[in-house]
> 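This is the structure, below, for whatever I ask next.
Treat the numbers as computed from the prediction; the structure is a model and nothing was measured.
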Amino acid sequence: MHIVTSVEELKQLYGDAGEASITKVTSVLTPLYRRMIEASPFMALATVGSEGLDCSPRGDLGGVVRVEDEKTLHLPDWRGNNRVDSLANIVRDPRIALMFLIPGSNTTMRLNGRAVVSIDPALLDSFEMDGKHPRCVVVITIEEVYFQCARAVMRAELWNVERFVDPASLPSPGMMLKAAKADFDQETYDREAPVRAAKTLW
């Protein structure tokens, strides 16, 4: 098996990037890029820390982030599993990468930048939902932002309802937990999960 071990070899294999691939990268949100990001209710957040890399899903009603200005995004951190992997990485290494998905659109948005974890009371209050507030807000400073070619989403037929997987055909969370810990109470966990999730969205 031949392994590629240098950037030079990659360039020989792929050639130069096309003009559009370079032109699309900006250091601030253009008005059109802002429209795309504000339309996205879901994104993947990638961070890096001393233990390695982490990538976690983030979603919210309406837009997943709030656009503060052309260089700044606010990401509220709502209820989760309290592992705080992403947040722990950010407080030690501010580098982040985001990928936004927009239901129905084959175009995704990518963003690289730096972030801090804020617990400013006024900022937390500004995200009030059903009388609740996020525990913190990730304040993101944009370094580069651009749209991603649609081919990956098109190949996956991501929004084609005829290709949706029946959830019943997949392992349940309780089943996966029991596979990791033999004496885990799978039945109780799966039975209570829908109600538990509904009560702790925010």
> Between atom NE2 of H133 and atom CH2 of W202, what is the distance when rounded to the nearest 0.5 Å?
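Going from NE2 on H133 over to CH2 on W202, the span is 14.0 Å.
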
> Which distance, rounded to the nearest 0.5 Å, do you find between the OG1 of T141 and the CD of E68?
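One finds 11.0 Å between OG1 of T141 and CD of E68.
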
> Could you see if M109 belongs to whatever hydrophobic cluster contains F42? Use Ile, Leu, Val, Met, Phe, Trp, Tyr and a side-chain cutoff under 4.5 Å.
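No; F42 is not reachable from M109 via cluster members.
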
> Is the terminal nitrogen or CZ of K24 (NZ for Lys, CZ for Arg) located under 6.0 angstrom from the six-membered ring centre of Y146 and within 45° of that ring's axis?
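No, K24 does not lie over the aromatic ring of Y146.
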
> Under a 3.5 Å distance rule, please check whether D130 uses its side chain to pair with a backbone N or O of K132 as donor and acceptor.
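No; zero donor-acceptor contacts below 3.5 Å.
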
> Is it true that E192 and K199 make a salt bridge, defined as a side-chain N closer than 4.0 Å to a carboxylate O?
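Salt bridge: no.
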
> Report, as yes or no, whether the 6.0 Å neighbourhood of atom CZ on R92 holds more than 12 heavy atoms from other residues, nucleotides or ligands.
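Yes, the 6.0 Å shell around CZ holds more than 12 heavy atoms from other groups.
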
> Hey, mind stepping through F100 and M36 against side-chain contact (heavy atoms from CB on, under 4.5 Å) and telling me if it holds?
CA-CA 9 Å; F100 297 87; M36 293 292 288; over 6 Å; no

> More than 12 heavy atoms of other residues, nucleotides or ligands under 6.0 Å from OH of Y14: yes or no?
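Atom OH in Y14 is not packed in, count stays at 12 or less.
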
> Please determine, by modelled atom types, if N112 and E143 share a side-chain donor-acceptor pair under 3.5 angstrom.
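N112 vs E143: no donor-acceptor pair found between side chains.
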
> Does a sphere of radius 6.0 Å around CG in D16 hold more than 12 heavy atoms from other residues, nucleotides or ligands, not counting ones at 6.0 Å or beyond?
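Open: at most 12 neighbouring heavy atoms sit under 6.0 Å from CG of D16.
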
> Tell me, yes or no, whether the heavy-atom count around L170 atom CG, taken from other residues, nucleotides or ligands under 6.0 Å, exceeds 12.
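Atom CG in L170 is crowded, with more than 12 foreign heavy atoms closer than 6.0 Å.
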
> In terms of hydrophobic clusters joined by side-chain contacts under 4.5 Å, are M99 and M43 together?
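Looking at the clustering, M43 is in a separate group from M99.
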
> Only one of R83, R135, R58 passes salt bridge (charged side-chain N to carboxylate O under 4.0 Å, His left out) with D77; say which it is.
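Only one of R83, R135, R58 forms a salt bridge (charged side-chain N to carboxylate O under 4.0 Å, His left out) with D77, namely R58.
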
> Could you go through L45 and V138, starting from their C-alpha distance and side-chain angles, then the distance that decides it, and tell me whether this counts as side-chain contact (heavy atoms from CB on, under 4.5 Å)?
CA-CA 11 Å; L45 167 66; V138 178; 5.5 Å; no

> Do the side chains of E187 and R191 get close enough for a salt bridge, i.e. N-O under 4.0 angstrom?
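Looking at R191 together with E187, the answer is no, because their closest N to O distance does not fall below 4.0 Å.
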
